[in-house]
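First comes the structure, then the notes that go with it.
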Amino acid sequence: MNYWLMKVEPSAYSIDDLKRDGTTSWEGVRNYQARNFMRDEMKAGDKVLFYASNADPSGVTGLAEVSREARPEPKDPTWCMVDIRYVDKFAEVVSLETLKKTKGLENMLVTKKGTRLSIQPVTKSEYDIVVKLGKRRTSA
DNA sequence: GCCAACGTTGGC
DNA sequence: GCCAACGTTGGC
């Protein structure tokens, strides 16, 4: 079982879109490193942190899981896509700022400056911490 | 909208 | 194979 973080701009596709659609094909990745993660390491059932970039605030907005392993994109077989399935929408965005200041997440790639990789591996421990943050409701 | 950081391209 | 120029990403 592997754990991932997948980035997308909410203007392109949001957790609400995924909730509505149930599953979606993750197309359009045009980065070799990200493609190789999908092609070589993503398995059905892997857990996904759904991350909104260029958002207000940017951060993890919910959870998904890999429902179908990588296959070539029909129109552009150099690249490939997986399917992901909606799992949960967080009550509140776990913002990048929160990720940065949470103990145990210091090594997450997304918190590091200049990391543009749109699909990133995360550890189980990092995944669990983010889920805990996302499910926690603020008392305010 | 700005701009730093990064990946890719292409001339040599 | 180097590296400058260019395009893109993404936080702010």
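Naming: A, B, ... by sequence-line order, numbering from 1 per chain. No experiment lies behind these values; they were computed from the predicted model shown.
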Roughly how far, to the nearest 0.5 Å, is the CZ atom of A:Arg68 from the OG1 atom of A:Thr24?
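With rounding to 0.5 Å, OG1 (A:Thr24) is 12.5 Å from CZ (A:Arg68).
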Nearest-0.5 Å distance that lies between atom CD in A:Gln120 and atom NZ in A:Lys7:
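If we round to the nearest 0.5 Å, A:Gln120:CD and A:Lys7:NZ are 5.0 Å apart.
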Sorted by first residue and then second, give each salt bridge (Lys or Arg N to Asp or Glu O under 4.0 Å) pair with at least one member in residues 33-55 of chain A; sequence neighbours left out.
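Matches after skipping sequence neighbours: A:Lys47-A:Glu65.
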Does any donor atom in the side chain of A:Asp83 or A:Thr23 lie under 3.5 Å from an acceptor atom in the other side chain?
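Their side chains do not contain a donor-acceptor pair, so the 3.5 Å distance test is not met.
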Do A:Asp128 and A:Tyr3 have side-chain N/O donor and acceptor atoms under 3.5 Å apart?
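No donor-acceptor contact under 3.5 Å links the two side chains.
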Length of the line joining [X]:[atom1] and [N]:[atom2], which is rounded to integer Å:
| X | N | atom1 | atom2 | result |
| --- | --- | --- | --- | --- |
| A:Ile119 | C:dG10 | CD1 | P | 11 Å |
| A:Lys7 | B:dG7 | NZ | P | 11 Å |
| A:Trp79 | B:dG7 | CH2 | C1' | 11 Å |

Go through the steps for A:Asp16 and A:Lys19 under the test salt bridge (charged side-chain N to carboxylate O under 4.0 Å, His left out), then give the verdict.
CA-CA 5 Å; A:Asp16 291 319; A:Lys19 186 174 186 179; 6.0 Å; no
Strictly under 3.5 Å: I want the nitrogen or oxygen pairs between protein and nucleotides 4-6 of chain B, one per line.
{"from": "B:dC6", "atom 1": "O2", "to": "A:Arg116", "atom 2": "NH1", "distance (Å)": "2.6"}
{"from": "B:dC6", "atom 1": "O2", "to": "A:Arg116", "atom 2": "NH2", "distance (Å)": "2.5"}

Which of residues 96-108 of chain A sit near DNA chain B, with a heavy atom under 4.0 Å from it?
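Heavy-atom contacts with DNA chain B come from no residue of residues 96-108 of chain A; none.
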Side chain of A:Tyr51: nearest nucleotide among C:dG10, B:dT8, C:dG11?
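For A:Tyr51, the side-chain atoms sit closest to C:dG11.
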Considering residues, nucleotides and ligands other than A:Glu97, do more than 12 of their heavy atoms fall under 6.0 Å from its CD?
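Atom CD in A:Glu97 is not packed in, count stays at 12 or less.
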Ring centre gap for A:Tyr32 and A:Trp79 strictly below 6.0 Å:
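Between A:Tyr32 and A:Trp79, the centre distance is under 6.0 Å.
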